[in-house]
Chemist: 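Provided herewith is a single structure, encoded as structure tokens, for subsequent inquiry.
If you read the sequence from its start, that first residue is 1, and numbering goes on from there.
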Amino acid sequence: MNESIADRLRKLEETCRDRGVPLTVQRRTVLEVVLERDDHPTADQVYEAVLARLPRISRTTVYRVLDRLAELELIRRVHHPRASSRFDGKIHRHHHLVCLQCNKIFDYEDAALDAIPWPQKKPHGFEISDFSVQFIGICPDCRKKEEDQ
């Protein structure tokens with residue numbers, strides 16, 4: 001899925017209008033920052049980038065906007081076992097490779113993983129709405145550093 005940033009910003013406008021949520025410059029700017037990056041930034045990294053564009057914005061505002069955008073399903077929150085949550089502008093189903101040394105997260109597209117069958121029953125009464133797979137390990141750069149030491 002290869003939507004342009006302009007398409008995604010239009011989706012923000014539509015979603016805000018449809019749900020009665022004010023479309024603010026802060027929401028638009030935070031979404032732009034997340035969509036411009038492919039490194040799954042932390043909330044603090046997003047804040048620093050937004051601050052360069054909106055010098056009076058608070059860290060709390062950026063955190064709240066990120067949470068709201070994730071709630072509106074305009075971005076995804078990606079969890080890392082050793083670091084803070086990250087944010088991903090790609091909302092289509094895809095998976096991640098997570099490095100335990102440098103904390104980088106890489107996108108991983110795999111049709112076979114996308115086709116994993118969903119449970120027929122609700123395990124523990126859990127209503128499943130989506131899924132993604134995370135493979136956790138050591139990236140090539142970190143492996144090379146280890147070999148060079």
Chemist: R77: what forms a salt bridge (Lys or Arg N to Asp or Glu O under 4.0 Å) with it, not counting sequence neighbours?
Modeler: D67
Chemist: Please name all residues satisfying salt bridge (Lys or Arg N to Asp or Glu O under 4.0 Å) with K145, sequence neighbours left out, ordered by chain then number.
Modeler: none
Chemist: More than 12 heavy atoms of other residues, nucleotides or ligands under 6.0 Å from CZ of R53: yes or no?
Modeler: yes
Chemist: What closest approach, in Å, do V34 and G89 show between heavy atoms, and which atom pair accounts for it?
Modeler: CG1-N, 3.6 Å
Chemist: Using a 4.5 Å cut-off on heavy atoms from C-beta on, say whether the side chain of E36 contacts that of I5.
Modeler: yes
Chemist: Which residues satisfy the side chain to side chain donor-acceptor pair (under 3.5 Å) test with E13, sequence neighbours excluded?
Modeler: R28
Chemist: Show me the pairs that pass ring-ring contact (aromatic ring centres under 6.0 Å, His included) and involve residues 10-44, at least two apart or across chains.
Modeler: H40-H96
Chemist: Enter the distance from R17:CZ to T15:OG1 here, rounded to the nearest 0.5 Å.
Modeler: 9.0 Å
Chemist: How long is the gap from CG on L31 to CG on L66, to the nearest 0.5 Å?
Modeler: 9.5 Å
Chemist: With R10, which residues qualify under side chain to side chain donor-acceptor pair (under 3.5 Å), at least two apart?
Modeler: D7
Chemist: What pair of heavy atoms forms the shortest contact from V65 to R27, and how long is it?
Modeler: CG1-CA, 3.7 Å
Chemist: Once you round to the nearest 0.5 Å, how far does CD1 of I91 lie from CG of L74?
Modeler: 6.5 Å
Chemist: Heavy atoms, side chains only, cut-off 4.5 Å: are F87 and L69 in contact?
Modeler: no
Chemist: Give a yes or no answer on whether the side chain of R86 reaches the backbone of K104 with a donor-acceptor pair at less than 3.5 Å.
Modeler: no
Chemist: Below 3.5 Å, can you tabulate the donor-acceptor pairs from side chains in residues 114-122 to any protein atom, sequence neighbours excluded?
Modeler:
{"unit_1": "D114", "atom_1": "OD1", "unit_2": "H95", "atom_2": "NE2", "d": "2.7"}
{"unit_1": "K122", "atom_1": "NZ", "unit_2": "E127", "atom_2": "OE1", "d": "2.9"}

Chemist: Quick one: side chain to side chain donor-acceptor pair (under 3.5 Å) partners of E14, sequence neighbours excluded?
Modeler: none
Chemist: Rounded to the nearest 0.5 Å, how far apart are CD of Q26 and CZ of R56?
Modeler: 12.5 Å
Chemist: Name the atoms and distances for all side-chain donor-acceptor pairs under 3.5 Å in residues 128-137, with sequence neighbours left out.
Modeler:
{"unit_1": "D130", "atom_1": "OD1", "unit_2": "R93", "atom_2": "NE", "d": "3.3"}
{"unit_1": "D130", "atom_1": "OD1", "unit_2": "R93", "atom_2": "NH2", "d": "2.7"}
{"unit_1": "D130", "atom_1": "OD2", "unit_2": "R76", "atom_2": "NH2", "d": "2.3"}
{"unit_1": "Q134", "atom_1": "NE2", "unit_2": "H79", "atom_2": "O", "d": "2.8"}

Chemist: Among residues at least two apart in sequence or on other chains, which ones pass salt bridge (Lys or Arg N to Asp or Glu O under 4.0 Å) with D38?
Modeler: none
Chemist: Contact between D88 and D107 at the side-chain level, heavy atoms closer than 4.5 Å - yes or no?
Modeler: yes
Chemist: Going from CG on N103 to CD on Q101, what distance comes out if it is rounded to the nearest 0.5 angstrom?
Modeler: 9.5 Å
Chemist: Would you mind listing every ring-ring contact (aromatic ring centres under 6.0 Å, His included) that reaches into residues 42-66, with sequence neighbours excluded?
Modeler: none
Chemist: Applying salt bridge (Lys or Arg N to Asp or Glu O under 4.0 Å), can you list everything that pairs with R143, at least two apart in sequence or on another chain?
Modeler: none
Chemist: Please report the interatomic distance OG1(T24) to CG(L12), rounded to the nearest 0.5 Å.
Modeler: 8.0 Å
Chemist: With sequence neighbours left out, what residues match E71 under side chain to side chain donor-acceptor pair (under 3.5 Å)?
Modeler: R68
